[in-house]
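Worksheet: one structure, shown below.
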Amino acid sequence: MLASSSVLAAGRRHSVGRRWDGTVVAAGNSAAGECRVERWEDVVGVAAGNVHTATNTGRSHTVGLRSDGTVLATGWNGYGQCDVTGWRGVMSVAAGWRHTLGLLASGRVLAVGRGSEGQCDVQSWREMVALSCGDWHSVGVRSDGSALAAGNNRRRQCAVEGWRDLAAVSAGCLHTVGLRADGRAVATGDRTTGACEVDAWEGVVALSAGSYHTVGVTASGRVLAAGDNSYGQCEVGEWDDIVAVAAGSTHTLGLRANGTVVATGNNADRQCKVDGWSGVQLP
């Protein structure tokens, strides 16, 4: 599972899941309409605008990829990040704070939304196989296992030029993590929160970067976590039989093999109210 084409997504104050029948469930704050997914059908992947927690943030958006390669979006559209109705031939999607990316079958990338930090400067990217959006930057994996990044690089969150043999990548607020084909993780960016302390991880099959924390799933179904734990978002040590994870701003979701979902962390907006979900499965 690539972070950019997940069936599970966590945003600033909401959570989203794609069910086996192509419908979508959501929980949490929907003041901007980010949880209005009840009419979506034939969806194969979802993404949520993962916004760092600050006094001037909160509104978010949700993106859904349909099996025919078209894209749905709902929620905050202040910068045009939901203007995806004309997209065709999309293979996976990624959502940041104020921008959205779409990966075409040709390996090229579409982008809408705010680009003032350079996060939408992806027109020259070629042969891409995976994408992820941070708050102010975008990252992707090429077919040869190398990585590209665009956008704000003040904390070296875009310093991925030396990465090789990647299978997936995920962007947080000020950091970026990558999953190598051998199951090891790499990271770059702000190291003050501990979110980049993933060098010792082994046997990882999927990972996700939250605003200031990182989570990963091992082949045995266990979950690893590093970084900020102010809200208990890294309290995943007791989880088992997990096949996918999604890290939000201050909460974490885990998908069990039986299609149910577990959550930990900030639940102020009921974004962790996912215990009633079922049938959330990979396509």
Side-chain angles (χ1 to χ4, degrees), residues 2-4 6 9-12 47-54 57 94-99 101 109 111 113-122 125 128 130-142 145-180 183-202 204 206-217 224-231 233-234 236 245-252 265:
L2 299 181
S4 56
S6 179
R12 164 73 164 88
N50 193 352
V51 186
H52 69 281
T53 301
T57 67
W97 179 9
R98 294 170 288 190
H99 72 297
L101 300 181
V109 182
R114 174 169 168 150
S116 56
E117 290 85 13
Q119 62 267 58
C120 289
D121 294 343
V122 297
W125 290 9
M128 307 305 295
L131 299 172
S132 183
C133 296
D135 280 33
W136 299 288
H137 71 298
S138 302
V139 292
V141 179
R142 300 185 68 208
S146 62
L148 295 175
N152 189 308
N153 194 34
R154 292 181 182 177
R155 303 295 176 89
R156 293 185 56 80
Q157 60 263 50
C158 290
V160 299
E161 58 276 358
W163 289 4
R164 297 291 182 271
D165 301 318
L166 293 180
V169 70
S170 188
C173 178
L174 298 171
H175 76 293
T176 303
V177 291
L179 175 61
R180 291 173 45 186
R184 303 294 295 268
V186 291
T188 186
D190 185 8
R191 307 194 74 90
T192 60
T193 64
C196 291
E197 302 301 319
V198 299
D199 297 341
W201 290 8
E202 297 180 346
V204 178
L207 49 68
S208 180
S211 289
Y212 304 113
H213 73 295
T214 304
V215 291
V217 184
L224 306 171
D228 178 51
N229 193 35
S230 300
Y231 293 87
Q233 61 265 49
C234 290
V236 297
V245 286
S249 178
T250 52
H251 75 293
T252 302

To the nearest 0.5 Å, what is the distance between [atom1] ([X]) and [atom2] ([Y])?
| X | Y | atom1 | atom2 | result |
| --- | --- | --- | --- | --- |
| Asn153 | Leu174 | CG | CG | 11.0 Å |
| Trp125 | Arg142 | CH2 | CZ | 10.5 Å |
| Glu202 | Leu224 | CD | CG | 10.0 Å |
| Tyr212 | Cys234 | OH | SG | 14.0 Å |

Between [Y] and [X], is there a side-chain heavy-atom distance shorter than 4.5 Å?
| X | Y | result |
| --- | --- | --- |
| Thr176 | Cys158 | no |
| Val139 | Trp163 | no |
| Ser249 | Val51 | no |

Query raised in the report: Do Gln119 and Asn152 get their side chains close enough for a donor-acceptor pair, meaning under 3.5 Å?
Result: no

Closest heavy-atom pair and its distance - [X], [Y]:
| X | Y | result |
| --- | --- | --- |
| Cys120 | Gly113 | SG-O, 4.0 Å |
| Met128 | Gly140 | CE-C, 3.4 Å |
| Ala111 | Leu101 | CB-CD2, 3.5 Å |
| Val236 | Ala225 | CG2-CB, 3.7 Å |
| Ala48 | Gly11 | CB-N, 3.9 Å |
| Ser132 | Ala171 | OG-N, 2.9 Å |

Any sub-3.5 Å donor-acceptor pair from [X]'s side-chain atoms to [Y]'s backbone N or O?
| X | Y | result |
| --- | --- | --- |
| Glu117 | His137 | no |
| Thr252 | Gln233 | yes |
| Thr214 | Ala226 | no |
| Asp228 | Thr193 | no |
| Ser170 | Ala209 | yes |
| Ser138 | Ala150 | no |

**Report entry** Intermediate values then yes/no, side-chain contact (heavy atoms from CB on, under 4.5 Å), Cys173 and Asp135
**Finding:** CA-CA 5 Å; Cys173 178; Asp135 280 33; 3.8 Å; yes

Under 3.5 Å, side-chain donor or acceptor atoms of residues 183-191 against the rest of the protein: list the pairs with distances, not counting sequence neighbours.
unit_1, atom_1, unit_2, atom_2, d
Arg184, NE, Trp201, O, 3.1
Arg184, NH2, Asp199, O, 3.0
Thr188, OG1, Arg156, O, 2.8
Asp190, OD1, Thr192, N, 3.0
Asp190, OD1, Thr192, OG1, 2.9
Asp190, OD2, Arg155, NH1, 3.0
Asp190, OD2, Thr192, OG1, 3.2
Arg191, NH2, Cys196, O, 3.3

Query raised in the report: Aromatic rings His52 and Trp136: how do their planes relate, parallel, tilted or perpendicular, breaks at 30° and 60°?
Result: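 The arrangement is tilted - the two ring planes meet at 30° to 60°.
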
Requested in this report: With sequence neighbours excluded, give me every salt bridge (charged side-chain N to carboxylate O under 4.0 Å, His left out) pair touching residues 163-178.
Outcome: none

